[in-house]
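See below for the structure under consideration.
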Amino acid sequence: KGSSDFKRFQRLAGNILGSGDDDCVVDETQGASEASLKDPVTLKLFENPMRSTKCYHVYSASTVEEFFKTPRRCAIVGCGKTL
């Protein structure tokens, strides 16, 4: 099973990396339009969305209040900005 999981990961990563849109993460079980409405930390639908002024990624207000109490790196893979 491990090798099939890795192949699936490679396929999904290739789709994401090859798309040229590093800010888009698609949940394979959902349509792309619904996946873009999810907080990248909680994976729940956005509640009171807030956009970072450092990297422009969007999080729910509760995520900003709890997850980013102390400086942390952006949860979007490849971003690397400290929020």
Side-chain angles (χ1 to χ4, degrees):
K1 182 176 178 174
S3 64
S4 66
D5 288 342
F6 182 71
K7 287 178 183 178
R8 180 173 173 261
F9 170 78
Q10 282 182 312
R11 182 176 49 80
L12 291 173
N15 289 342
I16 291 170
L17 295 175
S19 71
D21 185 0
D22 294 337
D23 297 341
C24 181
V25 177
V26 178
D27 182 345
E28 196 172 72
T29 62
Q30 306 289 326
S33 61
E34 188 174 337
S36 65
L37 299 175
K38 291 182 179 180
D39 180 288
V41 174
T42 65
L43 302 179
K44 296 179 182 177
L45 292 177
F46 284 119
E47 293 181 17
N48 301 322
M50 301 179 76
R51 183 178 299 273
S52 165
T53 58
K54 294 184 179 181
C55 65
Y56 305 106
H57 291 117
V58 179
Y59 297 93
S60 292
S62 59
T63 298
V64 172
E65 293 168 2
E66 293 297 317
F67 187 74
F68 295 109
K69 278 183 180 178
T70 58
R72 291 184 186 225
R73 291 204 322 187
C74 177
I76 303 296
V77 174
C79 180
K81 296 280 185 178
T82 300
L83 309 177

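FYI, the numbering just counts along the sequence from 1. On a predicted model such as this, the values are computed, not experimentally measured, just so you know.
- Across every non-hydrogen atom of Lys54 and Leu83, the tightest pair is CB-CD2, 4.0 Å.
- Distance check: His57 NE2 to Cys79 SG gives 5.0 Å after rounding to the nearest 0.5 Å.
- Interatomic distance, NZ of Lys81 versus OG1 of Thr53, reported as 10.5 Å (0.5 Å rounding).
- By the ring-ring contact (aromatic ring centres under 6.0 Å, His included) test, Phe67 pairs with no residue at all, sequence neighbours left out.
- Contact detail for Tyr59 and Thr63: the closest heavy-atom pair is CD2-CG2, 4.0 Å.
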Audit row: Leu45, Glu47, side chain to side chain contact (heavy atoms under 4.5 Å, CB included) steps and yes/no:
CA-CA 7 Å; Leu45 292 177; Glu47 293 181 17; over 6 Å; no

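- For the salt bridge (Lys or Arg N to Asp or Glu O under 4.0 Å) test, no residue two or more places apart in sequence or in another chain qualifies with Glu65.
- Two residues are said to be in side-chain contact when any heavy atoms from C-beta on lie closer than 4.5 Å; Phe46 and Pro40 meet this criterion.
- Between the side chain of Asp39 and the backbone N or O of Ser60 there is at least one donor-acceptor pair closer than 3.5 Å.
- A donor-acceptor pair under 3.5 Å is absent between the side-chain atoms of Arg51 and the main chain of Val58, judged by distance alone.
- Rounding to the nearest 0.5 Å places OG of Ser62 at 10.5 Å from CE of Met50.
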